[in-house]
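First up is the structure itself, then whatever we jot down about it.
Lettering of chains follows the sequences in order, A, B, ..., and the numbering in each one begins at 1.
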2 protein chains.
Amino acid sequence: MVEVTDILDVLDRAGHRRTAPRRTVAELIAEREGHFTADSLLDESRERHLGVDRATIFRSLELLAELGVVERLDLPSGEHAFVACEARHHHHVVCSSCGRSTGVADHGLDRIAAAIGTATGYRIDTHRLELFGTCPACQAGGPL
Amino acid sequence: MVEVTDILDVLDRAGHRRTAPRRTVAELIAEREGHFTADSLLDESRERHLGVDRATIFRSLELLAELGVVERLDLPSGEHAFVACEARHHHHVVCSSCGRSTGVADHGLDRIAAAIGTATGYRIDTHRLELFGTCPACQAGGPL
DNA sequence: ATTTTTGCAAATCATTTGCATATAT
DNA sequence: ATATATGCAAATGATTTGCAAAAAT
């Protein structure tokens, strides 16, 4: 669970201003269980008359992604989405049915990345693992 | 190395027509060492007066991606790109400097995916691993 | 007071679509 | 002959930008 104050604190620490629109965006993000698109935040900002503009949403998400509070996600559909991250989790499992996602720790992937580096001669800087499937709730015939 | 004829054969086998524009797209793809964007193919089609239209390029890439001849890639920058695939390789290492990419086999990732499934309770359907780094040539101060 | 951030509107960029024509089978 | 694929141009959708006004430091 990512809290609004966590997000604001990260902004603070990085020397960015604590503005009302950013607080609102942080609230919208903290409410989300799973992944979300920029557009869905915009829709909600409109429906609830929060007055946060499209540009601000995109700018905030970009900033938060830089700061590692959210992570850009590319769904298998090609859609761009985001998820809130707890700092510890490097990767995400995303439910294809309800969109909920769970952060996961590194289960030995680093070693594999290293092995692939050796095998190919590449110096590996980053890797990105995205897993897609069905979450426990949806398997049980739950949500959506 | 992916050959033009490989690509055309896959189209054939799947019951798609061998058309001149598709042959051209196949040639453009086969020439590429690494990843490429739809747009870069379009540019080249224009520069070399190959007469293949934007829409055709997008439609061909979509088709080839469905058939597994190319794979959609999401670069860390968020750009959408493609790489030609040899069938065996599930994942790609992409050079951040020159864009060249190499297919890699599964080095035990399946086991990790399974472990993550167990740990989270998700039924995992797909995973996607993308690795980014510097290729041997660029490390040697080579290309770009 | 100064710098950063915002909203607005317009611009840009990538991708998709409708439709009449051309081409492969 | 028939179904599929293409080019064109226009539509769509997402994201970005310039700029003057507003808010945070």
Side-chain angles (χ1 to χ4, degrees), chain A residues 7-28 35-67 69-82, chain B residues 5 7-29 35-67 69-82:
Chain A
I7 301 178
L8 296 176
D9 287 353
V10 172
L11 285 170
D12 257 354
R13 260 177 270 130
H16 297 279
R17 294 182 178 177
R18 233 166 217 280
T19 68
R22 281 179 183 158
R23 186 184 320 276
T24 306
V25 171
E27 279 160 13
L28 293 178
H35 62 178
F36 54 86
T37 61
D39 226 58
S40 73
L41 295 188
L42 178 57
D43 285 349
E44 201 172 338
S45 161
R46 284 175 172 160
E47 272 166 35
R48 291 168 54 185
H49 306 284
L50 304 176
V52 183
D53 185 70
R54 194 207 330 280
T56 301
I57 290 179
F58 277 99
R59 287 189 277 232
S60 301
L61 286 172
E62 187 187 11
L63 179 58
L64 293 176
E66 247 166 55
L67 300 176
V69 179
V70 300
E71 186 173 309
R72 275 177 210 277
L73 214 62
D74 298 291
L75 306 185
S77 67
E79 248 193 318
H80 282 101
F82 296 84
Chain B
T5 56
I7 301 178
L8 296 176
D9 287 353
V10 172
L11 285 171
D12 258 354
R13 261 179 268 129
H16 296 280
R17 294 182 179 176
R18 233 167 219 280
T19 68
R22 282 179 183 157
R23 186 184 321 274
T24 306
V25 171
E27 278 160 14
L28 292 178
I29 292 176
H35 61 178
F36 53 87
T37 60
D39 226 58
S40 73
L41 295 188
L42 178 57
D43 284 351
E44 201 172 337
S45 161
R46 284 175 172 159
E47 271 167 36
R48 292 168 53 185
H49 305 284
L50 305 176
V52 182
D53 185 70
R54 194 208 329 280
T56 301
I57 289 178
F58 277 98
R59 287 190 277 233
S60 302
L61 285 172
E62 187 188 10
L63 179 58
L64 293 176
E66 248 166 54
L67 299 178
V69 179
V70 300
E71 186 173 310
R72 274 177 210 279
L73 214 62
D74 298 290
L75 306 185
S77 66
E79 249 193 318
H80 282 99
F82 296 84

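- Under 4.0 angstrom from either OP1 or OP2 of dT6(D) there lies at least one side-chain N or O belonging to Thr19(B).
- For the pair Thr24(B)/Thr56(B), no side-chain contact is recorded, criterion being any heavy-atom separation below 4.5 Å from C-beta on.
- Rounded to whole Å, the distance from CZ on Arg46(A) to C1' on dC8(C) is 12 Å.
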*asked:* For a side-chain contact (heavy atoms from CB on, under 4.5 Å) check, start with the C-alpha distance between His16(B) and Leu67(B), then their side-chain angles and the critical distance, and finish with the verdict.
replied: CA-CA 11 Å; His16(B) 296 280; Leu67(B) 299 178; 4.3 Å; yes
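- Checked against dG7(C), dA5(D), dT17(C), the side chain of Ala55(B) finds its nearest nucleotide in dT17(C).
- Listed pair Arg18(B) / dT23(C) fails the phosphate criterion, with no side-chain N or O lying under 4.0 Å from OP1 or OP2.
- Leu63(A) places its CG atom 13 Å from the P atom of dT16(D), with the value rounded to the nearest Å.
- Between His80(A) and Leu73(A), every side-chain heavy-atom pair lies at or beyond the 4.5 Å cut-off.
- Residue Thr56(B) has a polar side-chain atom (N or O) positioned under 4.0 Å from OP1 or OP2 of dG7(D).
- Between the CZ atom of Arg23(A) and the P atom of dT6(C) there is a distance of 12 Å, given to the nearest Å.
- Counting only heavy atoms from C-beta outward, the side chains of His35(A) and Val70(A) never approach each other to under 4.5 Å.
- Of the candidate nucleotides dA5(D), dT5(C), dT6(C), dA5(D) has the atom lying nearest to any side-chain atom of Arg17(B).
- Look at CG on Asp53(A): it is 9 Å from P on dA9(C), rounded to the nearest Å.
- Each of dT25(C), dT6(D), dT15(C) was ranked by its minimum atom distance to the side chain of Phe58(B); first place goes to dT15(C).
- The distance between atom CG of Asp74(B) and atom C1' of dA14(C), rounded to the nearest whole Å, is 13 Å.
- When each of Asp12(B) and Glu62(B) is assigned the nucleotide of DNA chain C with its nearest heavy atom, Glu62(B) is the one assigned upstream, toward the 5' end.
- Between His16(B) and Asp39(B), the residue whose closest nucleotide on DNA chain C is further toward the 5' end is Asp39(B).
- Side-chain atoms of Arg22(A) and Arg59(A), non-hydrogen and from C-beta on, never get closer than 4.5 Å to each other.
- When rounded to the nearest whole Å, the span between CG of Leu50(B) and P of dG7(D) equals 11 Å.
- Following rounding to the nearest Å, Leu11(B) (CG) and dA5(D) (P) show an atom-to-atom distance of 9 Å.
- Among the heavy atoms of the strands lying under 4.0 Å from Arg59(B) is at least one base atom, whether or not backbone atoms are also near.
- Straight-line distance from the CD1 atom of Ile57(B) to the P atom of dA14(C): 13 Å, rounded to whole Å.
- Distance from the side chain of Arg54(B) is smallest to dA10(D) among dA5(D), dT25(C), dA10(D).
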